[in-house]
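Read through the structure below, which is laid out as structure tokens, and then see the notes.
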Amino acid sequence: MLKIGLTGGIGSGKSRVADYFQSWGASVVDTDAIAHSLTAPGGRAIEAIRGEFGDATIAPDGSMNRQAMRDLVFQDAGARLRLEAILHPMIGEVTREQAEQARGCYLVFVVPLLIESGRWRDKVDRICVVDCDPATQIARVRARSGLTQEAIERIMSVQVSREARLAAADDIVLNDGATTLHELEARSRALHDGWCKLAARQDSTGNDKVY
Ligand SMILES: CC(C)(COP(=O)(O)OP(=O)(O)OC[C@H]1O[C@@H](n2cnc3c(N)ncnc32)[C@H](O)[C@@H]1O)[C@@H](O)C(=O)NCCC(=O)NCCS
Ligand SMILES: Nc1ncnc2c1ncn2[C@@H]1O[C@H](COP(=O)(O)OP(=O)(O)OP(=O)(O)O)[C@@H](O)[C@H]1O
């Protein structure tokens, strides 16, 4: 099955674009959503996080305290690496399980840290970047979450630059401040149509990658 790695900076529009692909019949494995389920009440990562960071990072309902963890890990690179060391292997495991169930003409992996991790290039046929200017990323995340500009900039500072993402891209969906949702949908649709054709060619040659 054709495999697409979909990435972009915080607030670039990855989820929105992935929702379009899914509505047109693609399978989507969303690593952000997997990270959320692992850290929900009773999630598989909770006891490891409690052991590593203490009770204060677990909320009364048994979920990870996201605000406390965000304040910690985006100020302290060591803490971020310790959290990632717990979560990323578990995310990888669930990603593989979900990928095995995939149906449809292609499979999209939504991976915020695809370029940062360096492990995805060989696992996907194409890397698709949702491209957005930093000022619009900040405006969208502020509107959505109420985080301060400073907090958003701290998160962006530990992600790769817009240029580095674009340099790794096979396909680009421009979703900057001038892009309407209608235009975003049309740009996504053009990629979807191209990938469906590519997937049909790949199937006929028997060329497939093993995830
Ligand atoms: C730090 C946490 C607690 C903040 O939670 P919060 O609810 O505020 O954000 P959420 O999980 O919805 O992520 C929103 C966005 O933040 C950015 N982000 C999240 N984690 C990271 C990270 N480790 N490095 C850089 N950016 C990150 C991504 O753009 C992501 O899409 C949370 O993001 C987390 O558990 N991160 C570690 C797991 C991880 O690396 N996830 C991202 C890739 S799967
Ligand atoms: N072209 C657009 N016009 C208006 N709103 C948009 C546009 N693109 C995205 N948005 C909105 O901006 C917000 C961020 O988009 P989305 O959640 O898809 O980004 P994301 O890359 O998945 O973010 P994150 O990395 O934080 O999870 C959402 O509220 C979304 O509806």
Side-chain angles (χ1 to χ4, degrees), residues 5-22 28-40 43-46 48-49 52-53 57-59 63-95 98 108-120 128-148 151-162 164-165 173-188:
L6 182 68
T7 192
I10 186 165
S12 57
K14 296 177 297 293
S15 307
R16 191 95 202 191
V17 169
D19 286 348
Y20 292 133
F21 295 143
Q22 192 160 37
V28 172
V29 174
D30 184 335
T31 58
D32 245 350
I34 293 170
H36 278 246
S37 70
L38 290 167
T39 53
R44 261 171 55 199
I46 292 297
I49 291 170
E52 184 70 35
F53 295 99
T57 54
I58 306 302
S63 64
M64 178 175 71
N65 181 336
R66 306 193 75 81
Q67 187 180 332
M69 200 52 103
R70 188 171 53 230
D71 291 345
L72 176 66
V73 304
F74 291 120
Q75 311 250 28
D76 175 349
R80 180 164 47 83
L81 292 176
R82 286 191 287 136
L83 178 64
E84 291 178 356
I86 293 170
L87 284 174
H88 288 186
M90 293 187 189
I91 294 170
E93 225 171 278
V94 180
T95 296
Q98 291 190 3
V108 179
F109 295 99
V110 185
V111 189
L113 305 180
L114 185 143
I115 312 294
E116 287 84 344
S117 95
R119 287 195 303 263
W120 277 91
C128 177
V129 167
V130 182
D131 179 48
C132 183
D133 57 287
T136 302
Q137 287 178 257
I138 292 168
R140 287 193 190 132
V141 178
R142 284 188 78 165
R144 187 188 59 190
S145 66
L147 288 182
T148 63
I152 301 163
E153 282 173 348
R154 255 200 310 272
I155 298 173
M156 288 168 67
S157 74
V158 305
Q159 300 189 344
V160 294
S161 66
R162 182 180 188 186
R165 256 186 228 104
V173 187
L174 175 63
N175 187 28
D176 61 4
T179 304
T180 64
L181 288 174
H182 186 70
E183 287 167 331
L184 183 64
E185 183 174 2
R187 286 171 192 160
S188 305

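Note that these values count all heavy atoms, side chains included, but never hydrogens, waters or copies made by symmetry. For ligands, and for the atoms within them, numbers begin at 1 and follow the listed sequence.
Which parts of ligand 2 touch Asp32 is read off a 4.0 Å heavy-atom cut-off, strictly below it: atoms 27 (O). For ligand 2, the atoms sitting less than 4.0 Å from at least one non-hydrogen atom of Arg16 are 18 (O), 31 (O), numbered in the order shown with element in parentheses. In summary, the atoms of ligand 1 found under 4.0 Å from a heavy atom of Thr31, numbered by their order in the structure, are 44 (S). Here is the list of ligand 1 atoms found below 4.0 Å of a heavy atom in Glu84: 22 (C), 23 (N), 24 (N). Contact atoms of ligand 2 toward Thr179: 1 (N), 2 (C), 3 (N) (distance under 4.0 Å to a heavy atom of the residue). If you number the atoms of ligand 1 from 1 as listed, the ones under 4.0 Å from a heavy atom of Val73 come out as 1 (C). Proximity to Leu87 (heavy-atom distance under 4.0 Å) selects the following atoms of ligand 1: 35 (O), 37 (C), 38 (C). Those atoms of ligand 1 that come under 4.0 Å of a heavy atom in Met64, given as number and element, are 3 (C), 35 (O). Under a 4.0 Å criterion applied to the non-hydrogen atoms of Met69, ligand 1 contributes the atoms 3 (C).
Crowding of Arg119 atom CZ: a count of heavy atoms from other residues, nucleotides or ligands under 6.0 Å not exceeding 12.
Looking from atom 29 (O) of ligand 1 to the surrounding protein, the closest heavy atom is Gln159 NE2, 2.9 Å. Here the heavy atom of the protein found nearest to atom 30 (C) of ligand 1 is Asp32 OD2, 3.5 Å. The closest protein non-hydrogen atom to atom 15 (O) of ligand 2 is Gly13 CA, 3.7 Å. Looking only at heavy atoms of the protein, atom 20 (N) of ligand 1 is closest to Phe74 CZ, 4.0 Å. Among all non-hydrogen protein atoms, the one lying nearest atom 8 (O) of ligand 1 is Arg70 NH1, 2.5 Å. The protein non-hydrogen atom at the shortest distance from atom 22 (O) of ligand 2 is Ser15 OG, 2.6 Å. Taking atom 12 (O) of ligand 1 as the reference point, the nearest protein heavy-atom neighbour is His36 NE2, 2.9 Å. The nearest heavy-atom contact from the protein to atom 16 (O) of ligand 1 is Ile10 CD1, 3.6 Å.
Remark: side-chain polar atoms of Gln159 are paired, donor with acceptor, to backbone N or O of Ile10 under 3.5 angstrom. Put simply, the side chain of Thr39 gets close to the backbone of His36: a donor and an acceptor are under 3.5 Å apart. Side chain of Ser63 to main chain of Ala59: no donor-acceptor pair is present (N/O by atom type, distance under 3.5 Å, no hydrogens or angles). For the pair Thr7 (side chain) and Val111 (backbone), a donor-acceptor distance under 3.5 Å is present. Between the side chain of Glu116 and the main chain of Val160, a donor-acceptor pair closer than 3.5 Å is present.
To the nearest 0.5 angstrom, Ile86 atom CD1 is 13.0 Å from Arg44 atom CZ. The structure places OG of Ser12 at 8.0 Å from CG of Leu6, a figure rounded to the nearest 0.5 Å. Atom CZ of Phe53 sits about 4.5 Å away from atom CE of Met69, to the nearest 0.5 Å. Between the CD1 atom of Ile152 and the CZ atom of Arg142 there is a distance of 6.5 Å, given to the nearest 0.5 Å. The distance from atom NZ of Lys14 to atom CG of Leu114, rounded to the nearest 0.5 Å, is 11.0 Å. Here the straight-line distance linking atom CG of Asp176 with atom CD of Glu183 works out to 8.5 Å at 0.5 Å rounding.
Between the choices Val160, Val158, Leu83, the shortest heavy-atom distance to atom 34 (C) of ligand 1 belongs to Leu83. The residue among Gln67, His88, Arg66, Glu116 with a heavy atom at the shortest distance from atom 39 (C) of ligand 1 is His88.
The parts of Lys14 lying near ligand 2 are both backbone and side chain, judged by heavy-atom distances below 4.0 Å. With a heavy-atom cut-off of 4.0 Å, Leu113 touches ligand 1 through its side chain alone. Contacts between Asn175 and ligand 2 below 4.0 angstrom, taking non-hydrogen atoms only, involve the side chain exclusively.
By the 3.5 Å distance cut-off applied to N or O atoms, Leu184 is not counted among the residues near ligand 2. Residue Gly11 has at least one nitrogen or oxygen atom sitting less than 3.5 Å from a nitrogen or oxygen atom of ligand 2, judged on distance alone. Geometrically, ligand 2 and Asp176 share no nitrogen or oxygen pair separated by less than 3.5 Å. In terms of N/O distances under 3.5 Å, ligand 1 is not approached by Lys14. Backbone and side-chain nitrogen or oxygen atoms of Arg80 are examined, and none is located within less than 3.5 angstrom of a nitrogen or oxygen of ligand 1.
At least one heavy atom of Gly9 sits under 4.0 Å from some atom of ligand 2. By the 4.0 Å heavy-atom criterion, Gly8 is excluded from the residues contacting ligand 2. Not a single heavy atom of Pro112 sits under 4.0 Å from any atom of ligand 2.
Counted by atom type alone, Arg187 and Thr179 present one or more donor-acceptor pairs between their side chains at under 3.5 Å. Side-chain polar atoms of Arg16 and Ser188 form no donor-acceptor pair below 3.5 angstrom.
Look at Arg162 and Asp133 and you find no salt bridge, because none of the NZ, NE, NH1 or NH2 atoms lies under 4.0 Å from a carboxylate O.
Checking atom 2 (C) of ligand 2 against the protein gives a heavy-atom contact under 4.0 Å.
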